[in-house]
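Counting convention: from 1, in listed order, for ligands and their atoms alike. Both backbone and side-chain heavy atoms feed into the values below; hydrogens, waters and symmetry mates do not.
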Amino acid sequence: MSTDPAPELLTALDAWRDLPAAQQPTWPAGSGIEEAVATLRSMPPLVFAGECDQLTDRLAAAGRGDAFVLQGGDCAETFAYATADNIRDRVKTLLQMAAVLTYGASVPVVKIGRMAGQYTKPRSSDVETRGDVTLPAYRGDMVNDFDFTEEARRPDPHRMVRGYHASAATLNLVRAFTTGGFADLRHVHAWNRGFSANAEYSRYESMARDIDKAMRFMLACGADFDAMRAVEFYASHEALLLEYERALTRIDHRTGAAYDTSGHMVWVGERTRQLDGAHLDFVATIRNPVGVKLGPSVTGDEVMRLVDRVDPQRRPGRLTFITRMGAGTIREALPPIVERVRSEGVVVTWVSDPMHGNTHTSSGGYKTRDFDDVVEEVRGFFAVHHDLGTVPGGIHVELTGNDVTECTGGSSRIHETDLASRYETVCDPRLNHQQSLELAFLVAEMLAERS
Ligand code: PEP
Ligand code: MN
């Protein structure tokens with residue numbers, strides 16, 4: 001039997017419109033925002049309510065230590081890079097990382113792409129100046145184009161519709177890859193053997209060999225690898241552009257609850273999590289699992305007010321705090337926050353984003369991150385949770401399956417002077433394929449030490 005949406009719910013879904021909304025584009029007059037929104041409202045959902053609920057359960061398991069979250073993908077997806085090869089290589093990288101992490105953690109890994117919707121970006125300034133030209137800042141492909149011309153940078157609401165189609169095509173391919181045999185653990189493991197066989201990564205050989213043994217043991221015991229050819233894979237992005245998120249929000253007629261069907265999980269960023277702001281108000285009305293980024297300046301009181309705002313019913317798996325403190329700061333900044341949440345008896349899932357607190361500009365002018373800082377922040381995250389007896393529930397990373405040179409360091413020793421050779425991101429620097437796998441092996445070691 002279908003349930004009609006409660007009128008209060010419909011009012012609540014639009015209450016954000018009366019609140020200050022940070023980081024929204026200014027659409028030029030006559031650019032057709034109403035038409036674009038109407039088109040989006042008529043489109044099918046990208047994900048289903050039942051899948052979102054399942055992810056909530058998986059995140060709850062991660063919050064208890066019965067699973068581990070791997071969330072990763074581009075800082076900003078672009079329409080031009082949403083090609084079959086790029087999507088395949090990103091999924092492949094995440095699957096390879098997940099296999100290694102599963103071994104280290106001895107629990108299932110919850111695989112969540114920063115994919116199929118990560119098309120909008122918060123910016124530190126509304127404008128960008130190059131020489132004597134000042135234009136609107138690039139806000140992600142769903143808003144404007146990266147090219148530095150007046151026409152490209154003009155916000156165009158029809159790009160939201162393009163973003164929807166690019167997300168649908170991406171998700172379609174991701175679903176095919178993750179259920180059609182590509183994700184077969186035997187292939188994934190063979191790819192990982194290829195990685196660790198490379199002399200540069202020989203220190204990971206012994207773990208790769210241990211995984212090999214474990215696989216042969218499973219086979220000998222009669223484990224059905226054919227039944228494990230399909231994996232669960234979820235899509236997530238920052239819920240930044242509220243017109244887009246609202247237009248894809250649908251009432252589930254099974255339960256009468258609202259779901260943002262643009263992705264399974266959405267998160268609110270460090271720059272838009274104002275307690276009285278539009279973003280938190282919006283995510284409070286949807287039933288999806290929700291993430292909130294926490295930077296080093298957040299206070300215990302603020303965190304408890306975030307909990308009350310987003311998860312008043314205290315549903316495990318509903319709220320994930322994604323901490324991005326900085327390698328040099330996390331060991332001081334994180335404990336009081338975790339301690340406060342724990343002392344209030346609240347259950348959240350803690351995930352480490354070791355990227356956003358560790359960004360700096362190279363001597364050559366590139367926005368970069370050093371691999372060692374990324375690893376050090378994850379180490380700090382594990383150490384804090386270990387000391388407090390709480391659960392480090394996962395990692396959230398910006399990565400690509402391509403061999404870019406955007407972050408320095410790692411065993412393949414990318415130097416600042418190498419950054420220019422393949423710097424392709426339109427926003428933040430990503431770990432490349434090898435750096436991502438190396439991180440997975442290191443985090444697997446950290447997990448294994450603690451289990
Ligand atoms: C991001 O995830 O790309 C981002 C902008 O992060 P944060 O909100 O943590 O700064
Ligand atoms: Mn980013």
Residue-ligand contact [X]/ligand 1, heavy atom below 4.0 Å:
X: Glu398; result: yes
X: Lys121; result: yes
X: Arg114; result: yes

For ligand 1, which atoms have a heavy atom of [X] less than 4.0 angstrom away?
X: Gly269; result: 8 (O)
X: Cys75; result: 3 (O)
X: Arg324; result: 7 (P), 9 (O), 10 (O)

- [ ] Indicate, as side chain, backbone, both or neither, the part of Glu270 found under 4.0 angstrom from ligand 1 when only non-hydrogen atoms are considered.
- [x] both
Pair [X] and [Y], ring centroids less than 6.0 Å apart:
X: Trp267; Y: His396; value: yes
X: Phe195; Y: Phe441; value: yes
X: Tyr119; Y: Phe79; value: yes

- [ ] Indicate yes or no: does Asp145 engage Arg159 in a salt bridge with an N to O separation below 4.0 Å.
- [x] yes
Open item on the list: Applying the side chain to side chain contact (heavy atoms under 4.5 Å, CB included) criterion to Trp350, which one of Val384, Val391, Ile322, Ile337 satisfies it?
Closed with: Ile337
Open item on the list: Against Phe321, only a single residue in Val310, Val298, Leu306 fulfils side chain to side chain contact (heavy atoms under 4.5 Å, CB included); can you say which?
Closed with: Leu306
Task: No-hydrogen, no-angle side-chain donor-acceptor test under 3.5 Å, Glu416 and Thr408 - done: no
Task: Between His356 and Asp428, a side-chain donor and acceptor under 3.5 Å - done: yes
Open item on the list: Within less than 2.8 Å, report the number of protein N/O/S atoms around the Mn ion (ligand 2).
Closed with: 4
Open item on the list: If you compare all heavy atoms of Pro316 against all heavy atoms of Arg314, which two are closest, and at what distance to 0.1 Å?
Closed with: CD-O, 3.4 Å
Of the protein's non-hydrogen atoms, which lies at the shortest distance from [atom], and what is that distance?
atom: atom 6 (O) of ligand 1; answer: Lys293 NZ, 2.9 Å
atom: atom 4 (C) of ligand 1; answer: His356 NE2, 3.3 Å
atom: atom 5 (C) of ligand 1; answer: Pro122 CG, 3.8 Å

Task: Side chain proximity check, His360 to Thr368, heavy atoms < 4.5 angstrom - done: yes
Task: Distance, nearest 0.5 Å, that separates CG of Leu431 from CD of Glu398 - done: 9.0 Å
